[in-house]
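Comments concern the structure below.
If you're wondering where the values come from, they're calculated on a predicted model, not measured in any experiment.
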Amino acid sequence: AVSLGGKDAKEGINVVRFANRIPLLFEAGADVSTRVAQTKIKWSSYKIDHKRDKIGVFVSIVSTKIPYKGTGKEYIGDDITEISHSV
């Protein structure tokens, strides 16, 4: 889901990530959803300036086999192309 604006939102892209209804709070820069939102989505085709506008991207992945990276299940790896295409 994507949201625009809001008085408490900061400028740029703000990604909120969930895996099996648990918020992923750490390693946001290495996560597949953050990388896709910042590099692969062409925001200009939606007439959105991704550096100036306040954009919220909400991603929830629910599965029995989530490809976590790291020992603490802190972020989802971007080596699975199906997940990056879905985001």
Side-chain angles (χ1 to χ4, degrees):
V2 176
S3 67
L4 290 173
K7 64 178 181 174
D8 294 330
K10 54 184 177 172
E11 291 182 355
I13 300 172
N14 302 304
V15 180
V16 180
R17 310 163 298 131
F18 294 92
N20 290 335
R21 300 184 304 174
I22 305 296
L24 300 174
L25 303 175
F26 304 105
E27 299 289 336
D31 195 78
V32 63
S33 56
T34 304
R35 289 186 180 187
V36 168
Q38 291 178 346
T39 59
K40 295 185 180 178
I41 295 176
K42 295 182 180 175
W43 295 103
S44 60
S45 63
Y46 300 104
K47 297 181 179 157
I48 297 174
D49 183 6
H50 69 280
K51 294 182 180 175
R52 195 184 70 209
D53 292 335
K54 300 174 181 179
I55 305 168
V57 178
F58 300 88
V59 178
S60 178
I61 298 175
V62 179
S63 175
T64 56
K65 299 186 190 262
I66 294 179
Y68 292 109
K69 295 296 178 184
T71 57
K73 297 184 176 181
E74 297 170 346
Y75 67 99
I76 298 171
D78 60 351
D79 54 347
I80 308 294
T81 57
E82 290 84 4
I83 294 176
S84 63
H85 287 295
S86 297
V87 172

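- Taking every heavy atom of both residues into account, Glu27 and Glu74 meet most closely at CG-OE1, 3.5 Å.
- No continuous path of hydrophobic side-chain contacts links Phe26 to Val57 [ILVMFWY only; heavy atoms under 4.5 Å].
- Here the rule is side-chain contact (heavy atoms from CB on, under 4.5 Å) with Val36, and of Val87, Val59, Asp31 only Val87 fits it.
- Summarising the geometry, atom OH belonging to Tyr75 is positioned 15.0 Å from atom CD1 belonging to Ile66; distances are rounded to the nearest 0.5 Å.
- Within a 6.0 Å sphere centred on OH of Tyr46, heavy atoms belonging to other residues, nucleotides or ligands number 12 at most.
- Residues Trp43 and Ala37 share a closest heavy-atom pair of NE1-O, 2.9 Å.
- Of all heavy-atom pairs spanning Thr34 and Arg17, the tightest one is OG1-CD, 3.8 Å.
- Residue Ser60 holds its OG atom at 9.5 Å from CG of Leu24, rounded to the nearest 0.5 Å.
- Cluster annotation: Val16 and Val2 are assigned to distinct hydrophobic clusters (Ile/Leu/Val/Met/Phe/Trp/Tyr, side-chain heavy-atom contacts under 4.5 Å, transitive).
- Between the side chain of Lys54 and the backbone N or O of Gly6, at least one donor-acceptor pair lies under 3.5 Å.
- Residues Ile83 and Ile61 approach most closely at CG2-CD1, 3.8 Å, considering heavy atoms.
- Atom CD1 of Ile41 is separated from atom CD1 of Ile55 by 9.0 Å, given to the nearest 0.5 angstrom.
- Around atom OH of Tyr68, more than 12 heavy atoms belonging to other residues, nucleotides or ligands sit under 6.0 Å away.
- Residues Arg52 and Glu11 share a closest heavy-atom pair of O-CG, 3.5 Å.
- Proximity of Ser33 to Ile76: side-chain heavy atoms (C-beta onward) are nowhere separated by under 4.5 Å.
- Nearest heavy-atom pair, Ser84 versus Val32, reported as atom, atom and distance to 0.1 Å: CB-CG2, 3.9 Å.
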